[in-house]
Amino acid sequence: MKKYLLKSKKKKFIGVFITKKALKKIFQIYKIKKNIIGIKIDIKKTGCAGYKYILKYVIKNTNTDVIFIKDNISIFISKDKIHILDGITIDFIEKKFHNYFDFYHKNSQNKCGCGESFQIKL
């Protein structure tokens with residue numbers, strides 16, 4: 001699986017890895033949602049395992065995020081979650097009846113049976 005690295009101006013972070021399929025899908029989103037400046041990755045407490053990844057559109061920079069950039073794609077991660085999400089890989093899965101973004105990270109473990117939530121190893 002070929003991955004691209006999105007880097008931050010702050011050199012202390014690993015960055016965000018994104019597969020070719022995910023990059024293509026995000027470019028499609030940018031074409032449809034012309035007013036966005038990026039995509040934000042977040043997590044929230046939910047599900048049977050504890051946490052779930054959330055994607056949001058970013059319309060305005062609030063300076064509360066670390067921004068990772070490549071080829072005019074910007075991925076935002078909240079400064080208070082960067083210690084959990086730095087180094088994440090984003091993939092896009094295409095199945096017959098269900099397409100979705102999938103996330104891989106060394107800090108996530110023990111996905112629940114449906115795959116919607118996970119535990120965090122800190």
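Between I90 and the choices L55, I18, I39, the side-chain contact (heavy atoms from CB on, under 4.5 Å) rule is met once, by I18.
Of all the heavy atoms in L85 and I41, the pair that sits closest is CD1-O, 3.8 Å. Residues F92 and K21 approach most closely at O-CD, 3.5 Å, considering heavy atoms. Across every non-hydrogen atom of F13 and S8, the tightest pair is CD1-OG, 4.2 Å.
With side-chain heavy atoms closer than 4.5 Å counting as contact, directly or through intermediates, the hydrophobic cluster containing I14 also holds L5, F17. When hydrophobic residues (I, L, V, M, F, W, Y) are linked wherever their side-chain heavy atoms come within less than 4.5 Å, the members clustered with I67 are I37, V58, I69, F76.
Annotation: side chain of Q28 is in contact with side chain of K24 (closest heavy-atom distance under 4.5 Å). With contacts defined as side-chain heavy-atom distances shorter than 4.5 Å, the pair D71/F27 qualifies.
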### Message
Is there a side chain to side chain donor-acceptor pair (under 3.5 Å) between D102 and Y100? Walk through the geometry before answering.
### Response
CA-CA 6 Å; D102 203 6; Y100 57 94; 4.8 Å; no
### Verdict with supporting geometry, I29 and K31, side chain to side chain contact (heavy atoms under 4.5 Å, CB included)
CA-CA 5 Å; I29 291 169; K31 282 183 180 180; over 6 Å; no
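To the nearest 0.5 Å, atom CD1 of residue I93 and atom NZ of residue K25 are 13.0 Å apart. Between the NZ atom in K96 and the CG atom in N99 there is a gap of 13.0 Å [rounded to 0.5 Å]. Taken from NZ in K40 to OG in S74, the straight-line distance is 13.5 Å, to the nearest 0.5 Å.
The pair K79-D65 does not count as a salt bridge, with every side-chain nitrogen at least 4.0 angstrom from each carboxylate oxygen. Taking the charged nitrogens against the carboxylate oxygens, D42 and K81 do have a contact shorter than 4.0 Å, which makes a salt bridge.
Atom CG of N35 has more than 12 neighbouring heavy atoms from other residues, nucleotides or ligands inside a 6.0 Å radius.
Taking Y30 as the reference, nothing meets the ring pair (Phe, Tyr, Trp, His ring centres under 6.0 Å) condition, with sequence neighbours excluded.
In this structure, the side chain of D86 engages the main chain of G15 through a donor-acceptor pair within 3.5 Å.
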